[in-house]
Amino acid sequence: MERDVSNFSLLVLIVFVMIPFTISYFYQLGLKKDILWSSIRGAIQLFLIGLILTYLFNLNPFIGIPIMLSVMITIATFHARKKGKELPNVFITILGGLIVIEVFVLALWLGFDMVSFTPEEIIPMSGMVIGNSMVAMGLSLERMKSEFSTNRGKILAALSLGATPKQASHLSVRRTLNAALIPNIDQLKTIGLVQLPGMMTGLILGGVEPIVAIKYQLVISISIFSSVSVSAIIVSLVMYRFFYNERMQIVDLEEV
Amino acid sequence: MSQVIYKLDNIYRRILTNINIEIHKGDRVMLFGPSGSGKSTLLHLFNRLDDPEQGSIFYNGKNINEQDITTLRKNVGLVLQQPYLFPETVKDNLMYGPKLFNDWNPDEARTLLEYVNLPESYLDKPVDELSGGEKQRVSLARTLANKPEILLLDEPTSALDDQNIEQIEQDLINLIQHNDLTVIMVTHNLEQAKRLGNRGIYLENGKIVEEGLLPDMLDRPETEALKNFTTNH
Ligand SMILES: Nc1ncnc2c1ncn2[C@@H]1O[C@H](COP(=O)(O)OP(=O)(O)OP(=O)(O)O)[C@@H](O)[C@H]1O
Ligand SMILES: [Mg+2]
């Protein structure tokens, strides 16, 4: 049986979009334009991607998959970079990080035959890994900047006592890592209890046995968990040094 | 190495201009001047928390650009104007510097606290529970823990009451004598400058307006600017 969502019911979704929009309007939260615009943009994006995916899925997987992955990683990099534009080498760090993560995850999936090398499996699963890593990197960047600005005095004090940038950043790096990893760990703890994870829901809706869906979900959940952790670690351990110059002095980010 | 010479010929971000000073070993130089005149900035340069765009600073006869930065910072100890303390306890702060250089001896903790007139029971006190003045004293002790050759003090007693000021000054004097320390200290307390300093430098708008020996310089200022400054303080 082919199930489909009718076009009319898609329109009904607008009601859902209107809820935060209305709340925002009444409480003057100032998100109104943002919400409306991002919903419209999101919808158009999804439809376009649907079209492109249909085309790419029909290509030879050895051509289609690399193309799709490169595009995904590039877009994710541009997006995550926004959170730390002032810092040097952000682009290359994020790009490098995402590539390393994706290659590692693919090696694991394919090496242990958990996932088959077809766009139908690789692309959505990679999408989740890359998307979550992107968000984690962006959050870590943001968090790191705020840690460095709140701890500026302490960092200055540490440097003045003879600490290296690495030693002086210890506190800020640790706090960044904590902040990035705690929600990730919480999510893993409550998986399947609080929220039925997206992929499983999708598979069950698509008619797959729940037990099979759970196995896939385990693969993806653990992959995401590790990727998100690695993302936060990469950002924290690589990026802290860009807050200093080669003379172990704090750089004013506005000037970079 | 009998002499320590600081020369900073030129600009630093248009905040400091034409600063040219020589400081000798054993000097106790007092820096004073209006708020925003560049006193803290100058101390930061000596500790290399920042570098001048032009000009050079010599320490022990050698340009500080050519010296190992962390060693220099240890030897030229700076007490920042704000006492930014590290988590968690007073002890964590005291051992921070020495631990960086694998040179921490727990027996010294008590002596350090004595220098700044705090009881030994404070060692395990969380820094969040300290008063402003206590924080300032811990910050001073933390720098002293590094056994610096030069001590840069940025208004180290600004948050203390008269009684504590007197005690810390006395401890500083002992410390300076015992360890043959050279001191450069920012203070807005001109009486304190006379008590502690042998030389004075008056800064205004990033320039040295007057310099001389203490206490004479403050008792009989030569420039109008310093005259005004002393009558207002
Ligand atoms: N990081 C900075 N970037 C730009 N300007 C700065 C910076 N730090 C200080 N300044 C400016 O440099 C000038 C000198 O500041 P500094 O802190 O050295 O003054 P100060 O003499 O120590 O003043 P106070 O007695 O208030 O502590 C001020 O005009 C200040 O606004
Ligand atoms: Mg100052």
Side-chain angles (χ1 to χ4, degrees), chain A residues 86-89 140 142-182 185 232-233 236-256, chain B residues 13 40 43-52 57 64-88 92-104 127 135-136 138-148 150-154:
Chain A
E86 317 88 317
L87 290 164
N89 304 321
S140 309
E142 250 176 355
R143 180 65 187 224
M144 191 148 205
K145 281 193 297 185
S146 81
E147 286 296 338
F148 269 87
S149 99
T150 40
N151 293 327
R152 194 173 191 281
K154 286 178 197 140
I155 292 175
L156 212 58
L159 292 175
S160 81
L161 292 166
T164 59
K166 188 176 177 182
Q167 292 164 327
S169 311
H170 188 253
L171 179 71
S172 306
V173 166
R174 205 181 56 200
R175 285 195 185 155
T176 306
L177 272 178
N178 270 342
L181 294 185
I182 285 171
I185 292 167
I233 292 170
S236 311
L237 296 187
V238 173
M239 298 305 287
Y240 78 83
R241 63 194 84 219
F242 302 138
F243 289 85
Y244 303 86
N245 61 24
E246 68 284 4
R247 284 151 280 143
M248 303 193 191
Q249 295 158 345
I250 302 182
V251 288
D252 275 328
L253 289 182
E254 299 81 54
E255 287 175 20
V256 176
Chain B
R13 286 194 199 180
S40 300
L43 291 193
H44 287 201
L45 293 184
F46 290 146
N47 182 264
R48 264 205 107 185
L49 284 179
D50 233 321
D51 281 330
I57 301 176
I64 61 171
N65 292 342
E66 289 152 20
Q67 305 187 25
D68 178 65
I69 297 180
T70 51
T71 316
L72 177 91
R73 286 179 179 159
K74 173 188 183 296
N75 292 335
V76 182
L78 170 64
V79 181
L80 291 165
Q81 188 165 8
Q82 308 278 339
Y84 300 109
L85 298 183
F86 309 131
E88 311 282 328
D92 291 324
N93 279 272
L94 297 185
M95 51 189 208
Y96 188 87
K99 277 207 156 171
L100 295 174
F101 300 92
N102 294 318
D103 187 24
W104 172 242
V127 292
K135 284 186 181 146
Q136 210 169 24
V138 172
S139 159
L140 171 60
R142 177 175 71 181
T143 300
L144 292 174
N146 257 349
K147 303 197 183 70
I150 300 211
L151 198 52
L152 308 173
L153 303 169
D154 201 343

Need one label for A:Ile155: side chain, backbone, both or neither, based on atoms under 4.5 Å from any heavy atom in chain B. neither
Measure [X] against the heavy atoms of chain A and call it side chain, backbone, both or neither at under 4.5 Å.
| X | answer |
| --- | --- |
| B:Pro98 | neither |
| B:Leu49 | both |
| B:Leu72 | neither |

Could you tell me which non-hydrogen atom of [X] sits nearest to which non-hydrogen atom of [Y], and how far apart they are?
| X | Y | result |
| --- | --- | --- |
| A:Arg247 | B:Asp51 | CD-OD2, 3.0 Å |
| B:Phe101 | A:Leu161 | CE1-O, 3.5 Å |
| A:Leu171 | B:Pro87 | CD1-CG, 3.9 Å |
| B:Arg73 | A:Ala163 | NH1-O, 4.5 Å |
| B:Tyr96 | A:Ala158 | OH-CB, 3.4 Å |

Going from [atom1] on [X] to [atom2] on [Y], what distance comes out if it is rounded to the nearest 0.5 angstrom?
| X | Y | atom1 | atom2 | answer |
| --- | --- | --- | --- | --- |
| A:Ser160 | B:Asn146 | OG | CG | 8.5 Å |
| B:Leu78 | A:Leu156 | CG | CG | 8.0 Å |
| B:Leu80 | A:Lys154 | CG | NZ | 13.0 Å |

With side-chain contact (heavy atoms from CB on, under 4.5 Å) as the criterion, how do B:Ile69 and A:Gln249 come out once you've worked through the C-alpha distance, each side chain's angles and the decisive distance to 0.1 Å? CA-CA 10 Å; B:Ile69 297 180; A:Gln249 295 158 345; over 6 Å; no
I'd like to know whether NZ of B:Lys99 has more than 12 heavy-atom contacts from other residues, nucleotides or ligands below 6.0 angstrom. no
